[in-house]
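Down below is the structure, laid out as structure tokens.
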Protein chains: 2
Amino acid sequence: MVFKALSDPTRRRVLELLKARPMSAGELSAHFDVSKPTMSAHFAVLREADLVASEKRGKSIVYQLKMSVLEEALLGFTTAFGWELQDARADKRNTRKQKRVTE
Amino acid sequence: MVFKALSDPTRRRVLELLKARPMSAGELSAHFDVSKPTMSAHFAVLREADLVASEKRGKSIVYQLKMSVLEEALLGFTTAFGWELQDARADKRNTRKQKRVTE
DNA sequence: TCGACATTTAGCTAATTATCGAAATGAGTC
DNA sequence: GACTCATTTCGATAATTAGCTAAATGTCGA
């Protein structure tokens, strides 16, 4: 259900926000112009897709992005189209495909 | 509307089939267990997302994958998550980030 | 325990979706 | 022109979706 979860722009933006750091439901909701219950429903979809983890923290519920799940799903897709997906910050030295590099 | 278009598994599979080569509506439909009108509707969604081009060829209509559109959309997303998307067959020599490679 | 706060659940609605069979369109063939 | 084939359009339906308000749940602090 990952792609279904990603089909909504609000949910994609939520994931993007969670990329920066874990955030509570309320904190996330503050970024959008829809009601809290609507946001809660979006969170539920993301949870069911296993794209986020939620943890109770006092009064709040803190959501955290599960990067590996997102990456795995995306990887399956991009690979089928002949693309490589890699961390932009990865150290390119000594990678598997390294060879005959000039300069 | 690209992500909406990608949210359906049938449509994702259609794109994958078109990755190999352009195919007619009927040829594509043969790969799926749904009616022609249903497939036609899927094609319409892909067309509206600009993910495929269609061309009349005699009796048939041939669909072709617009890789660049797909790549562009995906790139926008993956970049936001700190990933790089690149052609797996690309020649890695003399790329922008090339530097200090050992061996 | 009471009140305030954070979030979810319940119940509803309007819009969209995937699906179908039947009919319409359009191009090639006889 | 009439027939056939490929595809789409039409019209209908059941399921899903995103959205809302109001109510319920659960936690903290006084």
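If you're wondering where the values come from, they're calculated on a predicted model, not measured in any experiment. Within every chain, numbering begins at 1; the chains are lettered A, B, ... in the order of the sequence lines, protein sequences first and strands thereafter.
- Other residues, nucleotides and ligands contribute more than 12 heavy atoms inside 6.0 Å of the CD atom of A:Glu55.
- A sub-4.0 Å separation between OP1 or OP2 of C:dT17 and a side-chain N or O of B:His42 is absent.
- Both the sub-6.0 Å distance and the 45° axial angle are not jointly satisfied by A:Arg13 relative to the ring of A:Phe32.
- Atom P of nucleotide C:dT16 and atom CZ of B:Phe3 are separated by 21 Å, given to the nearest angstrom.
- Of all heavy-atom pairs spanning A:Glu16 and B:Ala80, the tightest one is CD-CB, 3.7 Å.
- Between B:Thr38 and B:His42, the closest side-chain pair of non-hydrogen atoms falls below 4.5 Å.
- B:Leu6 and B:Val45 sit in two unconnected hydrophobic clusters of ILVMFWY residues. Membership requires side-chain heavy atoms under 4.5 Å apart, directly or through other members.
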Reading nucleotides 3-17 of chain D 5' to 3', which nucleotides get B (base under 4.0 Å from a protein heavy atom), which S (sugar-phosphate only), which -? --BSSBB--------

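- In this structure, CG of A:Leu6 is placed 17 Å from C1' of D:dA18, rounded to the nearest angstrom.
- Going from atom CZ of A:Phe32 over to atom P of D:dG19 covers 10 Å, rounded to whole Å.
- The side chain of B:Thr38 contributes an N or O atom lying less than 4.0 Å from OP1 or OP2 of C:dC20.
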Before you tell me yes or no, could you show the steps for A:Leu74 and B:Trp83 under side-chain contact (heavy atoms from CB on, under 4.5 Å), namely the whole-Å CA-CA distance, both residues' side-chain angles and the distance that decides it to 0.1 Å? CA-CA 11 Å; A:Leu74 237 38; B:Trp83 287 311; 3.7 Å; yes

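- Straight-line distance from the CG atom of A:Leu46 to the P atom of D:dA18: 10 Å, rounded to whole Å.
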